[in-house]
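Data first, discussion second: the structure below is written as structure tokens.
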Number of protein chains: 2
Amino acid sequence: MVQYQPALDSAFGALADPTRRGVLARLGRSDAAIGELARSFRMTLTGMQKHVRVLEDAGLVATKKVGRERRCTLGPRRLDEATAWIEDYRRTVEARLDRLEAFLERTKEEK
Amino acid sequence: MVQYQPALDSAFGALADPTRRGVLARLGRSDAAIGELARSFRMTLTGMQKHVRVLEDAGLVATKKVGRERRCTLGPRRLDEATAWIEDYRRTVEARLDRLEAFLERTKEEK
DNA sequence: CTGATACTGAACCATGTGGTTCAGTATATC
DNA sequence: GATATACTGAACCACATGGTTCAGTATCAG
């Protein structure tokens, strides 16, 4: 591990699992208790609990105990850093392609 | 695992590690052999080899054997799916916030 | 040809991940 | 109060991850 950006680590890490992306999509429609999510995704409550924990640690989900349920909603993190990172990357790739193109153009002229 | 989108899994998974994000940034400046990358990031060749393999599997890096070196360049995948996923998500969050706002507005009027 | 350099592959290690079961505790319902 | 429901936490499991070392093989330089 060389450069720490824990927000990016946890955000990308959370998004790397299809169940967790599914949970985010599900919570986009409406909030839900852990038990409901577990049933939707056909896994044990305890299993879903762990996914929710990962999403919560990444700031992508917020939870609150209501009666005997724990209600989950989409959390405060908007993935701005993640988007920004990818955008930066995209620009780098494009700059690199541009340089390559310029190089090819130059060598063509030299022929 | 519930909905398979292996491209997203591997892309987000690859980006979840700071060393690998660093390697992508480094390759954005110029291509490099595995050995150079290993030295830059102060790890063994074998260690770096594994990171490069992960990036290559995700389509983010391409490699080619040149003499005794293996040269690494930024690969074909442009992270379009990843960006698209995040964008979708952002829209969902915003729609949800809009609904919440509308609800608050309505209940305010009812007062 | 010899030696140094660059990589490859296998084996190992500690820790993390994605799940499970099982034994609690807390809350709701009758 | 008894029973069912919802969660929590600990323990376990198989497998993946992020590293290492070590023993090769391939290539370059003299």
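So you know, we letter chains A, B, ... as the sequences are listed, proteins then strands, and number each from 1.
Put simply, the side chain of B/R26 gets close to the backbone of B/S30: a donor and an acceptor are under 3.5 Å apart. In this structure a side-chain-to-backbone donor-acceptor pair under 3.5 Å is missing from A/E69 to A/V66.
Atom CZ of A/R21 and atom P of C/dG18 are 11 Å apart (whole Å). When the P atom of D/dA10 is taken as reference, atom CZ of A/R53 falls 10 Å away, rounded to whole Å. The interatomic distance linking A/I34 (CD1) with C/dA26 (P) rounds to 17 Å, in whole Å. The interatomic distance linking B/M48 (CE) with C/dG9 (P) rounds to 18 Å, in whole Å. One atom, CD of B/E69, and another, P of D/dT27, lie 13 Å apart when rounded to the nearest Å. D/dT17 atom P lies 17 Å from atom CZ of A/F12, rounded to whole Å. Rounded to an integer number of Å, the gap from CG of B/D9 to C1' of D/dT17 is 15 Å. Taking atom CE on A/M43 and atom P on C/dG18, their separation rounds to 10 Å, with Å as the unit.
Proximity of B/H51 to the phosphate of D/dT17: no side-chain N or O atom is located under 4.0 Å from OP1 or OP2. Put simply, A/Q49 has no side-chain N or O that comes within less than 4.0 Å of OP1 or OP2 on D/dC7. The side chain of A/R70 places an N or O atom within less than 4.0 Å of a non-bridging phosphate oxygen (OP1 or OP2) of D/dT8. Of the side-chain N and O atoms in B/R20, one or more sit less than 4.0 angstrom from OP1 or OP2 of D/dG18.
A donor-acceptor contact under 3.5 angstrom links the side-chain atoms of A/T46 to the base of D/dG9. No donor-acceptor contact under 3.5 Å links the side chain of A/T19 to the base of C/dG18.
Atom CD1 of B/I86 and atom CG of A/L15 lie 6.0 Å apart (nearest 0.5 Å). Summarising the geometry, atom OG1 belonging to B/T19 is positioned 11.0 Å from atom CG belonging to B/L37; distances are rounded to the nearest 0.5 Å.
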Check: Can A/L27 and A/T73 be said to form a side-chain contact (heavy atoms from CB on, under 4.5 Å), step by step?
Finding: CA-CA 6 Å; A/L27 293 180; A/T73 55; over 6 Å; no
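Among the protein residues, A/G47 comes within range of the nucleic acid bases, having at least one heavy atom under 4.0 Å from a base atom. Counting any heavy atom pair closer than 4.0 Å across all strands shown, B/L45 reaches a base atom.
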Quiz: residues 50-62 of chain A side-chain donor-acceptor pairs under 3.5 angstrom, not counting sequence neighbours:
residue	atom	partner	partner atom	Å
A/H51	ND1	A/R20	NH1	3.2
A/E56	OE2	A/T63	OG1	3.0

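When each of B/K50 and A/K50 is assigned the nucleotide of DNA chain C with its nearest heavy atom, B/K50 is the one assigned upstream, toward the 5' end.
Within residues 55-68 of chain A, the residues having any heavy atom under 4.0 Å from DNA chain D are, by residue number, A/K65, A/R68.
Taking a cutoff of 4.0 Å between a charged side-chain nitrogen and a carboxylate oxygen, A/E87 and A/R90 qualify as a salt bridge.
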